[in-house]
There are 2 protein chains.
Amino acid sequence: MARRLLRKSIPGIIDVARLAGVSPATVSRYSNQPDVVRYETRKRIESAIEELGYVPNGAARSLNMGASGTIGLIVPTIDNAIFAELAQAFSTALFRHSRTMLIAAHGYDLTRESVLVESLIEHRVDALAVVGLKHEEPTFEILSKRDIPAVMLWNYRERQPFPCIGVDNREVGRVATEHLIELGHRDILFLFAGMRGNDRAVDRRSGALSAMAAAGIDVPRARRAISPYDVQAAKELAVKALTATPRPTAIFSGNDVIALGVLFAAMSLGIRIPDDLSVIGIGDFRGSSAVEPGLTTVRIPARRIGRRGAEILIEMLDWPVAETRHDERLPVEVLLRGSTAQI
Amino acid sequence: MARRLLRKSIPGIIDVARLAGVSPATVSRYSNQPDVVRYETRKRIESAIEELGYVPNGAARSLNMGASGTIGLIVPTIDNAIFAELAQAFSTALFRHSRTMLIAAHGYDLTRESVLVESLIEHRVDALAVVGLKHEEPTFEILSKRDIPAVMLWNYRERQPFPCIGVDNREVGRVATEHLIELGHRDILFLFAGMRGNDRAVDRRSGALSAMAAAGIDVPRARRAISPYDVQAAKELAVKALTATPRPTAIFSGNDVIALGVLFAAMSLGIRIPDDLSVIGIGDFRGSSAVEPGLTTVRIPARRIGRRGAEILIEMLDWPVAETRHDERLPVEVLLRGSTAQI
DNA sequence: AATGCCTCTGCAAACGTTTTCATCGAACAT
DNA sequence: ATGTTCGATGAAAACGTTTGCAGAGGCATT
């Protein structure tokens with residue numbers, strides 16, 4: 001961090017007090033409980049604040065109060081349609097309750113996560129949300145040592161060390177697969193998302209494969225692949241798979257980005273969708289409904305997860321004694337659009 | 001904000017000092033300039049910290065030092081491919097210099113912006129980056145009153161109150177349009193992005209129209225429309241425009257999202273791209289190269305803008321005396337892909 | 001007039017760091 | 001033996017708020 005800065009000295013509560021002819025205590029009361037200050041005094045303070053351009057020092061306040069008004073969010077990356085939606089909703093919900101979001105990204109490297117947690121704790125976040133259920137030991141340890149209110153977003157499962165708000169990604173993988181099976185598909189190519197440090201992808205995969213097993217359909221190794229989170233890369237992968245024979249009749253895509261790549265691959269090869277090939281995605285990213293044909297996908301309510309996560313944390317802060325668990329399992333649904341059809 | 005929380009009392013520097021049998025001053029020195037502390041003492045402090053799970057209190061440090069190690073970023077919204085990329089790069093660059101990003105979004109409502117600035121200043125950000133050149137008076141006022149190092153990202157122009165790092169969006173609009181003109185197009189439909197609180201869109205529009213004027217081509221009102229930032233909405237708009245006669249031979253899209261909508265509209269109508277219609281976008285969002293056919297677009301280096309913005313702010317913090325202006329105009333280039341062709 | 005209550009305000013002690021200055025030994029040169 | 005320098009540490013004063021406690025004055029009740 002920087003050395004001590006000697007900048008134009010910023011006006012503090014004492015300057016305001018002096019100018020308004022009152023004590024600092026009164027100014028403080030003015031900004032925290034205005035109604036206890038006499039009208040006339042209030043006016044004087046107001047104009048003093050106006051004149052000096054006074055903005056209270058959050059660090060001092062935070063030091064005194066033991067709460068910073070800041071809540072942390074740790075995501076794999078911001079630069080991803082779906083986490084961006086989540087973060088935006090989270091931030092908006094916090095703003096509504098006059099708190100601020102401190103966001104940090106670890107780039108799917110869970111070992112870096114505990115460093116971020118520590119950094120956020122150093123900034124004295126009042127509460128913390130993380131994406132996913134899987135975390136390294138230090139992360140859990142530091143969190144419980146401090147007993148900072150924390151939630152895990154995105155993935156839902158029972159009996160977790162912290163409340164979860166999200167969907168059951170095994171269910172997500174399952175319903176997507178079942179949809180294809182119901183349409184009569186037997187030869188399905190599975191393009192899973194990368195699974196390093198990504199328990200959502202792991203769960204989807206396990207849900208998908210168990211649905212196949214339940215239907216008694218074998219999934220040979222050649223029908224399982226892992227695609228990066230990138231339209232172009234997924235497209236190339238799909239092109240390769242679609243030019244080999246025999247060609248699958250359907251493709252399960254671990255997320256909508258991969259599904260888009262598949263769609264474009266099919267277009268470039270002149271394969272008609274859904275006549276020659278069914279494609280299903282996961283996520284319902286913005287734009288997935290607009291692509292031609294519309295992408296059938298499993299909707300994951302990212303915004304709602306973000307909003308509820310924020311609200312629940314605030315609730316935990318405001319009623320710290322409440323012994324209720326705050327888990328929330330959100331429903332998933334298959335959005336039927338044009339990219340899947342009966343075989 | 002919350003009332004005073006009475007939580008498990010968190011260990012402070014004094015607890016560490018007591019446990020290690022030294023004074024708080026020594027512990028402080030340990031974490032700031034470890035080399036001045038005797039090896040043996042250092043070891044004792046280390047194990048005390050370990051045992052207590054001590055994490056320094058940023059608020060106290062910030063209060064004392066007058067610097068928080070936090071840098072603010074204000075964007076219209078996080079939930080937008082391009083700003084997410086920017087924010088991610090910004091955050092990463094800050095992290096590399098051990099600072100943290102505090103991000104806030106105003107949803108294209110510039111009047112809300114000054115509230116956010118104030119909130120960030122209350123959190124004592126050491127510096128601030130905002131997107132765009134156009135801001136309400138209070139925003140500028142509060143910033144210059146405090147003389148907090150600030151930069152304006154995304155849009156570049158000379159003689160601005162704060163350093164700009166970005167591209168000249170008039171140039172962006174111009175080169176996109178010139179590309180279409182060079183290909184022989186005369187009847188071009190312009191789908192601009194919404195311009196409320198969005199000076200980037202305003203500039204692109206003005207660049208585009210002036211390029212047309214320079215080429216002596218008239219653009220009737222019916223060939224100018226404004227599209228929301230949404231694939232589906234842009235698609236509907238484009239469908240309407242493409243079913244009317246006469247049909248334009250090319251469409252200028254204010255950004256890649258709109259361009260995607262146009263592409264899908266054309267597909268759904270059986271209009272061949274680029275044979276029957278040329279489409280150009282702006283931004284080079286991820287995935288724009290993978291769509292079929294590849295989208296010709298004007299590349300805007302969002303990541304680089306984010307990274308440079310962060311680096312420049314840090315530079316301004318570390319050498320506050322340097323009188324050099326830190327503006328940076330980044331180059332733009334037309335990426336030729338499959339969606340445009342000679343008429 | 002004395003008493004009590006209420007409203008508004010001030011005093012001063014925290015909160016957890018960093019940093020200047022001073023102190024104390026030890027090592028070293030004279 | 002005496003002075004000098006150096007390295008390692010401690011004491012204490014900030015930094016800018018919030019808040020419990022108490023005091024001052026006004027008003028109503030006895």
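Reminder, nothing fancy here: chain letters follow the sequence lines and each chain counts from 1. The model shown is predicted, which means the values in this text are computed figures rather than measured ones.
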Check: Taking DNA chain C as the partner, which of residues 24-49 of chain A come within under 4.0 angstrom of it by heavy atom?
Finding: A:Ala25, A:Thr26, A:Arg29, A:Val37, A:Arg38, A:Thr41
Checklist line | Residues forming a ring-ring contact (aromatic ring centres under 6.0 Å, His included) with B:Phe83, sequence neighbours excluded | finding: B:Trp154
Checklist line | Euclidean distance, atom CZ of residue B:Arg61 to atom C1' of C:dT18 [Å, nearest integer] | finding: 9 Å
Margin query: Please report the distance, rounded to the nearest Å, between CG in A:Asn64 and C1' in D:dT18.
Written below: 4 Å
Next item on the list: May I have the step-by-step check of salt bridge (charged side-chain N to carboxylate O under 4.0 Å, His left out) for A:Lys43 and A:Glu40, ending in yes or no?
Entry: CA-CA 5 Å; A:Lys43 280 301 162 198; A:Glu40 187 188 324; over 6 Å; no
Note to self: Quick test of your reading: applying ring pair (Phe, Tyr, Trp, His ring centres under 6.0 Å), list the pairs with at least one residue in residues 106-129 of chain A, sequence neighbours left out, ordered by first then second residue.
What the structure shows: none
Next item on the list: Could you state the atom-to-atom distance from CD1 of B:Ile14 to P of D:dA12 in whole Å?
Entry: 13 Å
Next item on the list: State whether B:Phe90 and B:Arg308 meet the cation-pi test: NZ (Lys) or CZ (Arg) under 6.0 Å from the six-membered ring centroid, and within 45° of the perpendicular axis.
Entry: no
Note to self: For a quick test of reading the model, state the closest non-hydrogen atom pair linking B:Pro24 to B:Ile13 and the distance between them.
What the structure shows: O-CD1, 3.6 Å
Next item on the list: Write down the distance between CG (B:Leu63) and P (D:dA13), rounded to a whole number of angstrom.
Entry: 17 Å
Margin query: Tell me the interatomic distance from B:Arg124, atom CZ, to D:dT17, atom C1', rounded to whole angstroms.
Written below: 11 Å
Next item on the list: With sequence neighbours left out, write down each residue that passes side-chain contact (heavy atoms from CB on, under 4.5 Å) with A:Glu137, or none if nothing qualifies.
Entry: A:Phe140, A:Glu141
Checklist line | Derivation and outcome, salt bridge (charged side-chain N to carboxylate O under 4.0 Å, His left out), residues B:Arg42 and B:Glu46 | finding: CA-CA 6 Å; B:Arg42 219 156 33 184; B:Glu46 253 163 37; 5.6 Å; no
Notebook entry, point to check: Would you say the side-chain atoms of B:Glu51 and B:Ser47 include a donor-acceptor pair closer than 3.5 Å?
Noted result: no
Margin query: Check A:Arg303 with B:Asp79, please: is the shortest side-chain N to carboxylate O separation under 4.0 Å?
Written below: yes
Next item on the list: Compute the angle between the rotation axes at the two ends of the helix from C:dA1-D:dT30 to C:dT30-D:dA1, each taken over five pairs, rounded to 10 degrees.
Entry: 50°
Check: Can B:Asp318 and B:Arg99 be said to form a salt bridge (charged side-chain N to carboxylate O under 4.0 Å, His left out), step by step?
Finding: CA-CA 13 Å; B:Asp318 287 351; B:Arg99 326 245 174 169; 3.4 Å; yes
Notebook entry, point to check: Separation of A:Ile13 atom CD1 from D:dT19 atom P, in whole Å?
Noted result: 11 Å
Note to self: What is the separation between atom CG on A:Asn57 and atom P on D:dC15, rounded to the nearest whole Å?
What the structure shows: 12 Å
Check nucleotides 22-25 of chain C against the protein and report each pair of N or O atoms closer than 3.5 Å, with its distance, or say if there are none.
none

Note to self: Once rounded to the nearest 0.5 Å, what's the spacing between atom CG of B:Leu153 and atom SG of B:Cys164?
What the structure shows: 9.0 Å
Next item on the list: Please state how far atom CE in B:Met65 lies from atom C1' in D:dG16, giving the value in whole angstrom units.
Entry: 16 Å
